[in-house]
2 protein chains.
Amino acid sequence: MLRIDLRLRYPRDMPSTEPPPTRPLRRDAERNLQRIHAAARELFAERGFAVTLDDIAARAEVGVGTVYRRYPDKHALIDLLFEERMAQIVALFDAGLADPDPWRGLVSALEESLAPMVQDRGLWELMMSGDHGGDGVERGRVQLAPRMEQLVRRAQAAGAVRVDLEPSDLPLTLLALGALINATRDVAPDVWRRHLQLGLDGLRPDRRKPTPLPHEALTIDELGRAMRGSHHA
Amino acid sequence: MLRIDLRLRYPRDMPSTEPPPTRPLRRDAERNLQRIHAAARELFAERGFAVTLDDIAARAEVGVGTVYRRYPDKHALIDLLFEERMAQIVALFDAGLADPDPWRGLVSALEESLAPMVQDRGLWELMMSGDHGGDGVERGRVQLAPRMEQLVRRAQAAGAVRVDLEPSDLPLTLLALGALINATRDVAPDVWRRHLQLGLDGLRPDRRKPTPLPHEALTIDELGRAMRGSHHA
DNA sequence: CTGAAACGGAGTCAGCTTCTCCGGTTGATA
DNA sequence: TATCAACCGGAGAAGCTGACTCCGTTTCAG
């Protein structure tokens with residue numbers, strides 16, 4: 001399925017080697033494009049990447065043809081919409097790195113990069129299963145790794161994190177917490193914070209007493225509903 | 001899709017109110033039934049419950065009709081094959097409860113109930129997403145909950161586990177680790193033990209130093225492969 | 001007003017799984 | 001070793017779902 005990268009954005013002011021800036025879209029075309037973007041954002045957030053381009057067209061109140069005219073496939077659309085999201089997350093890690101307190105920086109980066117996944121199933125799938133998105137998203141993913149590593153190393157140097165923790169352990173921890181988020185998002189959208197704290201308490205070199213846990217635990221009933229949901233992707 | 005529970009096992013010696021013990025299957029029928037079971041077990045383990053009854057028939061070297069004659073749908077087959085597996089896991093928790101050392105009992109129950117999921121994708125799906133299997137499996141799931149609770153309470157009473165941990169936290173932790181297992185099974189089938197330990201260190205009330213981590217961390221390359229795999233269900 | 005640009009959405013295609021049907025084969029029984 | 005009920009096999013019918021196209025119609029720009 002040949003993929004062509006045709007993002008129809010406004011010409012950016014950069015030294016383009018490209019053909020002359022295609023003249024702006026007709027007004028109706030521009031309006032529809034925005035509608036498609038909005039619809040796609042909503043649907044990806046609600047239902048993940050399993051949605052159909054047909055679904056998106058319906059939500060945008062636009063014909064399928066119109067969507068296919070702009071985007072040869074879902075990948076292009078995903079890549080366009082999520083490149084920015086990825087950049088935001090990278091920025092979060094930079095902010096963590098900038099925090100004078102290495103531990104606090106680590107914790108806040110984790111917290112704030114996990115939080116948006118509760119609202120956005122698409123973002124979750126993007127982070128968890130690697131085979132979505134295109135170059136733009138991939139670029140973000142690549143930038144993330146060294147930042148995580150640095151965050152860990154700096155915290156270790158400060159004595160805030162156990163020394164036997166390796167950088168690759170962090171992404172795996174995030175993956176595990178991501179699964180937890182996915183299972184509980186509809187039942188108790190904040191329990192993941194409790195489990196993040198539990199996990200963090202395992203990362204410290206030593207500890208006198210348990211760090212207080214945020215958020216109540218799931219009730220038995222909530223737990224049942226969380227486990228019964230069908231957690232795909 | 002009406003589900004009929006027709007397990008064609010040998011008549012059990014129990015005070016049956018049922019019609020007279022259906023006479024044994026013809027020899028070829030019996031042979032095929034065994035083949036189907038074996039094939040199903042293999043395929044569920046390798047590829048999860050997404051496999052088709054047609055796939056199973058092919059692996060069993062039997063016609064599709066033969067499979068459908070025995071099992072109206074996949075559920076019946078899954079339930080039959082996994083009822084026993086569930087019982088084993090319940091037994092594992094009982095064993096943990098029988099351990100004089102509450103902490104060791106807890107740890108070993110977790111370890112040993114997680115371990116088989118590395119080999120058996122089906123078992124993993126069964127534990128993680130609730131909507132597979134039938135009554136037999138469900139019965140197992142129901143028995144599990146109180147045992148987990150007791151395991152936690154007992155360890156807390158002994159001062160081995162932080163007191164703010166609630167029983168519902170345990171299944172969620174298992175769920176998270178399950179996701180980790182699923183992502184890493186093909187790349188490094190044992191890293192999950194490392195992360196279990198990390199998690200366990202978070203459950204203790206206090207701790208002088210980190211418990212040594214079993215197994216090496218993932219290399220960057222392994223991590224990449226783990227995250228790139230498509231982790232379904 | 002006119003034609004190029006863009007739209008819409010019914011309809012075609014392709015892939016997949018489920019499940020049936022019945023001519024042919026096999027095993028139990030005498 | 002003959003008989004027939006039980007059982008097998010697997011082509012293919014039927015149903016679904018999602019991807020994508022095509023062309024008559026509408027809309028905008030100048």
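Going from atom CZ of A/F49 over to atom C1' of D/dA19 covers 18 Å, rounded to whole Å. The nearest whole Å value for the distance from the CD atom in A/E30 to the P atom in C/dA5 is 17 Å. Rounded to an integer number of Å, the gap from CG of A/L33 to P of D/dT27 is 19 Å. Protein atom CD1 of A/I36 is 12 Å distant from nucleotide atom C1' of C/dG8, rounded to whole Å. Between the CZ atom of A/R35 and the P atom of C/dC7 there is a distance of 11 Å, given to the nearest Å. In this structure, the CD1 atom of B/I56 is 13 Å from the P atom of C/dC19, given to the nearest Å. Between the NE2 atom of A/H75 and the P atom of D/dA19 there is a distance of 12 Å, rounded to whole Å. Distance CG (B/D73) to P (C/dT18): 10 Å, rounded to an integer number of Å.
Exactly one residue among A/R121, A/R59, A/Q119 makes a side-chain contact (heavy atoms from CB on, under 4.5 Å) with A/E46. That residue is A/R59. With respect to A/L177, the side-chain contact (heavy atoms from CB on, under 4.5 Å) criterion is satisfied by exactly one of A/L114, A/L198, A/N182, A/L172: A/L114.
With respect to the salt-bridge test (charged N to carboxylate O, under 4.0 angstrom), the residues A/R194 and B/E166 do not qualify. Using a cut-off of 4.0 Å between Lys/Arg side-chain N and Asp/Glu carboxylate O, A/R193 and A/D190 are scored as salt-bridged. Between B/D186 and B/R225, none of the side-chain N atoms (NZ, or NE/NH1/NH2) sits under 4.0 Å from a carboxylate O, so this pair counts as no salt bridge.
Contact annotation: A/T66 side-chain N/O to C/dA6 OP1/OP2 distance is not under 4.0 Å. When the side-chain nitrogen and oxygen atoms of B/T52 are compared with OP1 and OP2 of C/dT18, one or more of them lie within a distance under 4.0 Å. Of the side-chain N and O atoms in B/N32, none sit less than 4.0 angstrom from OP1 or OP2 of D/dC7. Proximity of A/K74 to the phosphate of D/dG18: no side-chain N or O atom is located under 4.0 Å from OP1 or OP2.
Side-chain contact between B/W124 and B/R185: present, with at least one pair of heavy atoms (C-beta onward) separated by less than 4.5 Å. Looking only at side-chain heavy atoms (C-beta outward), A/D120 and A/L126 stay at 4.5 Å or farther from each other.
Relative to the side chain of A/R69, the nucleotides C/dA6, D/dC20, D/dG9 differ in distance, and C/dA6 lies closest. Closest contact between the side chain of B/R70 and the listed nucleotides D/dT21, C/dC7, D/dC7 involves D/dC7. Considering only side-chain atoms of B/Y68, the nucleotide from C/dC19, D/dA19, D/dG9 that sits closest is C/dC19.
In terms of position along DNA chain D, the nucleotide closest to B/A29 lies nearer the 5' end than the nucleotide closest to the other residue of the pair B/D54 and B/A29. If you find the closest nucleotide of DNA chain C to A/V62 and to B/D55, the one lying nearer the 5' end belongs to A/V62.
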Produce the list of close N/O pairs, under 3.5 Å, pairing protein atoms with atoms of nucleotides 25-28 of chain C; give distances to one decimal.
from: C/dT26; atom 1: O2; to: B/R26; atom 2: NH1; distance (Å): 3.1
from: C/dT26; atom 1: O2; to: B/R26; atom 2: NH2; distance (Å): 3.0
from: C/dG27; atom 1: O4'; to: B/R26; atom 2: NE; distance (Å): 3.3
from: C/dA28; atom 1: OP1; to: B/R27; atom 2: N; distance (Å): 3.1
from: C/dA28; atom 1: OP2; to: B/R27; atom 2: NH2; distance (Å): 3.2

